[in-house]
Amino acid sequence: MSEKLVLIDGHSILNRAFFGIPDLTNSEGLHTNAVYGFLNILFKILEEEQPNYLTVAFDVSQPTFRHKMYAEYKGTRKPMAEELREQVPLMKEMLKAMGVTIVEKGGYEADDILGTIAKRSEAEGLEVSVVSGDRDLLQLATDHIKIRIPKTKRTGTEIEDYNTKEVLDKYHVTPIEFIDVKALMGDTSDNIPGVPGIGEKTATALIAQYGSIENCYAHVDEIKPPRASKNLKENYELAQMSKTLATIEIHADIDYDLQSARLEQIKDLYTEEAYLLCKRLEFKNMLGRFEVDAPKNQAEEHFKLVTEKKEAEKIFAKIKGIECAFQIIPMEEKKDANMDAGGQMNLFAAPQTNEFLGMAVCFGEKDTYFFKAGEELTSSVLSDLLTHSEAAGYMTLDLKPQLGLLHMIEQRENGCLNQKNIFDNVIAAYLLNPLKNEYPYEDIAKDYCSLMIPSRVDLLGKSGYDLAMDEKPEGFLKTVCFMAYTAFSSKKAMMEELKATGMEQLYETIEMPLVFTLADMEHTGIAIDAANLKEYGEKLAVRIKELETRIYQEAGEEFNINSPKQLGVILFEKLEMPYGKKTKTGYSTAADVLDKLAPEYPIVADILEYRQLTKLKSTYADGLANYIKEDGRIHTSFNQTITVTGRLSSTEPNLQNIPMRIELGRLIRKAFLPAKGCVFMDADYSQIELRVLAHMSGDEKLIEAYREAQDIHRITASQVFHIPFDEVTDLQRRNAKAVNFGIVYGISSFGLSQDLSISKKEAAEYIERYFETYPKIKTFLDGLVEDAKKNGYVTTMFGRRRPVPELSSSNFMQRSFGERVAMNAPIQGTAADIIKIAMIRVHDRLLEEHLKSRLIITVHDELLIETAEDEIDRVKEILTEGMQQAADLKVALAIDLHTGKNWYEAK
DNA sequence: ACGATCACG
DNA sequence: ACGTACGTGATCGTT
């Protein structure tokens, strides 16, 4: 069998990948989508073809001969998008790292290089595949040269293949004739002028009949229709030039050594260099290909396993007076002491004494230990050893879940390990770059120590830690040791970076203390009346059943109402309702679309109610019940490193989106109860974001407005529309309120017009009047966008940063998004900073005064305290003062405070 | 795994 | 001409 060569049109495939794959950016801000897409196509082709040779051709950036000819004819090509341009050198670097032969030569386009190499190689008896996104290359197709055109589809990449036969079938001309077709019809994207008035149809017909442009002219008077004949006669030179432009050079003067392009096996591409580059570009799922080749890290040689208590004590004694990193992996599910795997009682099982599987400790380049929890050296013993080790300072990755295991919940101190001397590298990494979704240890090691270390997935695969401990003890040990090693090694650089970016204070006085506050809140949890929840769910079920029956009747058939796809077909095809919007996948059935149809079609109103009720039942009534623990309470997780603005988020379950706006949903809050002898005390900031805006912009009129009126939206309306306060209509107030919201979101006339159902022009007028009334707000917001453009980030009052990479995008939509983000982030972020300060103060105060009351929930601008009945007055003072004095603004930080015997009443 | 939808601030 | 308000998470259906 003959040998195989794969030739790739570098720029063309890069280009295709760039437009086919949504924007990807690594944490350095490098755009990487094109490189990523290119590699995917490359690997797919290689795996399919298993070629013996591989070569990639690139254009050189200077204008080429063919290009120049056309440039004289009509301007120049459109410049390449910046996000793509920066990926060209990156792509070449990647290919070089993989040892792939790259051919490029000034004066030639990639087409010419591909054509020349393809023809030469064919002559030498090879099977050639040319991979390109460009149909121009079809002229090269023969029985031994296959043109492969990848298409990015939703289902993945599909490749169209063309040999002579496929070209004939699809275009009704031979590959050589294809040149002439192209020359006649022209191609704007390829800068081929073509003959005016001749399109694809005529060109194909002419060439199919006459075989070439030259022969067309030989018979030009026979040609029909006469219009085509006339056009041809008048544009002879243009046709000639087009043909030259369309013809790919196959005798280019290039040096190409086939043997140096040899590829023994695909695995040869997975070099260490390429691995490192993939890591840098953060192509995580690409790394799987490199399995065996992950380079070893020096530190790994010094990881030691310790199981003896005596030895452990000796090692912990060494930590005194120096810094030490520790890392515990909590058990994913607490194993019940007396149950066996099947959940049966097992009276003979040893009692479960270990709360965690082991602890890694690192206090030097050559001192990383893994202490495996066992019978004598229990997790509790390990905790004590650590907390009494008298280190000068500690570091760890993701402290919060470890605090309980170290017996530090609700205790401000435990031995010498106290909250003042712990550094959490993940929290620091989040502050330094809040854009990432996760902060795995290998990223921290890479970003702050330039260390390349194997990731958890490299070492353990995708299995959970618990399983890994049993199945891959080696990998488990290494993972935890690498985490401690990373925490130890990166602290210094991270601390310096925090100082350099002005976030040291934010880190030390807000984020770190908050870790302890949140741990306490999660630990306390909130009580739920399961019976109440169940009853509520049953009530919903009855009504849902009714609605279901009616909807099926009205539709004339049964279908899945929860499927937007099926619902779309029923409403817009079967029942022929006018559809408003469309989504990528079909008709939109979103609430705002259905709202407009509801008055006319009873079925739509029923569907809306059905949606509402099933949402309440599945997410809240049934959903929350699954999270009730043995203590009758729900313990949510407050995540501190998720949002880009500095807010917290809540998961498993999310207690920050419990229904409120609609009465029926709001009733769920009656199932949230205070402990016996307690009431709920709930306080929320009144328009904190608008107040922050007033302060940060320094706009006197808005500040003044806050000093005198309770109803800020009404006074805004009065000032913007120049009417007396008492004469503001409800509509005017509603409009003013929408504008106030819009301002905080980074206003756009389109967004406001959508919200108020008015024209874009009217919305623009509102905004203009608003800015006339409060001129400093406009100056402030414009300044934020300017800052963001200049620095690449914006900051909150307390120094929190939000990078805004979208502002440098060449895409209008992305850039506009960047502008809105630049306006919103400092406001939303400052509000988040403020409530965090309040939380810490309130929480700490409750502990200092040894009160029984506990802070248990936060919802962005709201705090909920489970308050002992005999402490109500004092807690009210603490909460009020804690929230109002959290920041010193030019306007007061007003709060609304309520108490009640459940969350419904307290809010 | 991802999009559509909808709950909250 | 482009085509959107800012920030989240859970559930469901579809791929």
Side-chain angles (χ1 to χ4, degrees), chain A residues 22 153-156 285 434 559-568 581-594 607-608 611-620 622-624 626-627 636-639 642-662 664-666 668-669 684-685 687-689 693 738-756 760 763 767 802 804 806 809-829 831-832 835 857-862 907:
Chain A
K153 293 197 172 162
R154 270 197 297 122
T155 48
N285 53 11
F559 65 101
N560 187 344
I561 308 168
N562 285 319
S563 161
K565 198 178 162 193
Q566 293 179 37
L567 181 61
K581 280 189 298 192
K582 279 206 207 157
T583 62
K584 285 170 205 162
T585 48
Y587 310 104
S588 169
T589 66
D592 60 330
V593 176
L594 299 192
I607 290 165
L608 282 167
R611 277 233 181 109
Q612 222 175 60
L613 300 194
T614 50
K615 177 92 179 181
L616 291 175
K617 185 164 188 325
S618 66
T619 307
Y620 300 103
D622 301 346
L624 287 175
N626 294 327
Y627 291 100
T636 186
S637 296
F638 288 109
N639 202 315
I642 293 288
T643 73
V644 285
T645 52
R647 274 189 178 176
L648 297 167
S649 86
S650 157
T651 52
E652 293 184 325
N654 181 355
L655 293 185
Q656 294 184 323
N657 71 346
I658 304 302
M660 174 75 199
R661 293 167 189 169
I662 293 168
L664 178 66
R666 195 172 183 162
I668 293 194
R669 292 174 177 241
D684 66 284
Y685 283 114
Q687 298 125 6
I688 185 169
E689 291 180 338
L693 175 66
V739 177
N740 278 333
F741 268 97
I743 293 287
V744 169
Y745 291 157
I747 196 135
S748 78
S749 51
F750 182 89
L752 183 65
S753 71
Q754 284 292 296
D755 190 58
L756 287 179
K760 225 173 98 173
I767 294 167
R802 156 94 197 242
V804 194
E806 294 88 352
S809 168
S810 60
N811 178 314
F812 173 86
M813 211 185 73
Q814 292 212 5
R815 213 171 43 245
S816 307
F817 175 72
E819 287 169 4
R820 294 196 294 271
V821 157
M823 294 189 262
N824 170 265
I827 301 172
Q828 192 184 119
I835 197 160
I857 301 281
T858 173
V859 193
H860 311 309
D861 64 352
E862 168 190 1
K907 177 76 186 156

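Throughout, protein chains are lettered first and strands after them, A, B, ... in sequence-line order, and every chain is numbered starting at 1.
- Other residues, nucleotides and ligands place more than 12 heavy atoms under 6.0 Å from the CZ atom of A/Phe638.
- At distances below 3.5 Å, not a single donor-acceptor pair connects side-chain atoms of A/Arg802 with backbone N or O atoms of A/Ala822.
- Computed from coordinates, the A/Asn639 CG to C/dA10 P distance equals 11 Å when rounded to whole Å.
- With hydrogens and angles disregarded, no donor-acceptor distance shorter than 3.5 Å links the side chain of A/Ser637 to the backbone of A/Asn639.
- In a base pair of the Watson-Crick type (N1 to N3 plus N6-O4 or O6-N4) or a G-U wobble (N1-O2 and O6-N3), with each distance short of 3.5 Å, B/dA1 is matched with C/dT14.
- Across all strands, A/Asn657 comes closer than 4.0 Å to base atoms (heavy-atom distances).
- Checking the phosphate oxygens (OP1, OP2) of C/dG9, a side-chain nitrogen or oxygen of A/Ser649 falls inside 4.0 Å.
- At a threshold of 4.0 angstrom between heavy atoms, the contacts of A/Ala591 are confined to the sugar-phosphate backbone, with no base atom among them.
- When the side-chain nitrogen and oxygen atoms of A/Arg666 are compared with OP1 and OP2 of B/dC8, none of them lie within a distance under 4.0 Å.
- Within the 4.0 angstrom heavy-atom criterion, only backbone atoms of the sugar-phosphate kind lie near A/Val859; the bases stay farther away.
- At the phosphate of B/dG3, neither OP1 nor OP2 sits under 4.0 Å from any side-chain N or O atom of A/Lys565.
- Using a 4.0 Å heavy-atom distance criterion, A/Ala738 is classed as a base contact.
- A/Ile561 has its CD1 atom 15 Å from the P atom of B/dT5, to the nearest Å.
- We find that CD of A/Gln612 is positioned 14 Å from C1' of B/dC8, with the value rounded to whole Å.
- Contact annotation for A/Leu648: no contact, since no heavy-atom pair falls under 4.0 Å across all strands.
- A donor-acceptor contact under 3.5 Å links the side chain of A/Arg661 to the base of B/dG9.
- Note on A/Asp755: a base of the nucleic acid sits closer than 4.0 angstrom, heavy atoms only.
- When rounded to the nearest whole Å, the span between CG of A/Leu664 and C1' of B/dA7 equals 13 Å.
- Across all strands, A/Gly746 comes closer than 4.0 Å to no nucleic acid atom at all (heavy-atom distances).
- Contact annotation: A/Asn560 does not reach the phosphate of C/dC12 (side-chain N/O to OP1 or OP2, under 4.0 Å).
- Applying the 4.0 Å criterion to OP1 and OP2 of C/dA10, one finds that A/Ser650 has every side-chain N and O outside that range.
- Atom CG of A/Asn824 and atom C1' of B/dG9 are 12 Å apart (whole Å).
- Checking side-chain atoms of A/Thr636 against main-chain N and O of A/Glu652 turns up no donor-acceptor pair under 3.5 Å.
- Rounding to whole angstrom units, CZ of residue A/Arg815 and C1' of C/dC2 are separated by 10 Å.
- Residue A/Ile658 is in sugar-phosphate contact alone, with no base atom involved, counting any heavy-atom pair closer than 4.0 Å across all strands shown.
- Rounded to whole Å, the distance from CD1 on A/Ile835 to C1' on B/dC8 is 14 Å.
- Looking only at distances, no side-chain donor or acceptor of A/Thr589 sits under 3.5 Å from a matching main-chain atom of A/Pro564.
- When atom types are taken as modelled, the side chain of A/Thr614 and the backbone of A/Arg611 share a donor-acceptor pair closer than 3.5 angstrom.
- Atom CD1 of A/Ile662 is separated from atom C1' of B/dA7 by 9 Å (rounded to the nearest Å).
- Closest approach to the A/Thr619 side chain among C/dT8, C/dT11, B/dT5 is made by C/dT11 (side chain taken as heavy atoms from C-beta onward).
- The side chain of A/Thr614 places no N or O atom within less than 4.0 Å of a non-bridging phosphate oxygen (OP1 or OP2) of C/dC12.
- For A/Arg820 and C/dC6, the shortest distance from a side-chain N or O to OP1 or OP2 is below 4.0 Å.
- Comparing C/dC2 with B/dT5, their P atoms are spaced 22 Å from each other, to the whole Å.
- Closest approach of A/Ala763 and A/Ser749 over heavy atoms only: CB-O, 3.3 Å.
- Nucleotides B/dA4 and C/dA5, compared at atom P, are 13 Å apart to the nearest Å.
- Under 4.0 angstrom from either OP1 or OP2 of C/dT8 there lies no side-chain N or O belonging to A/Gln828.
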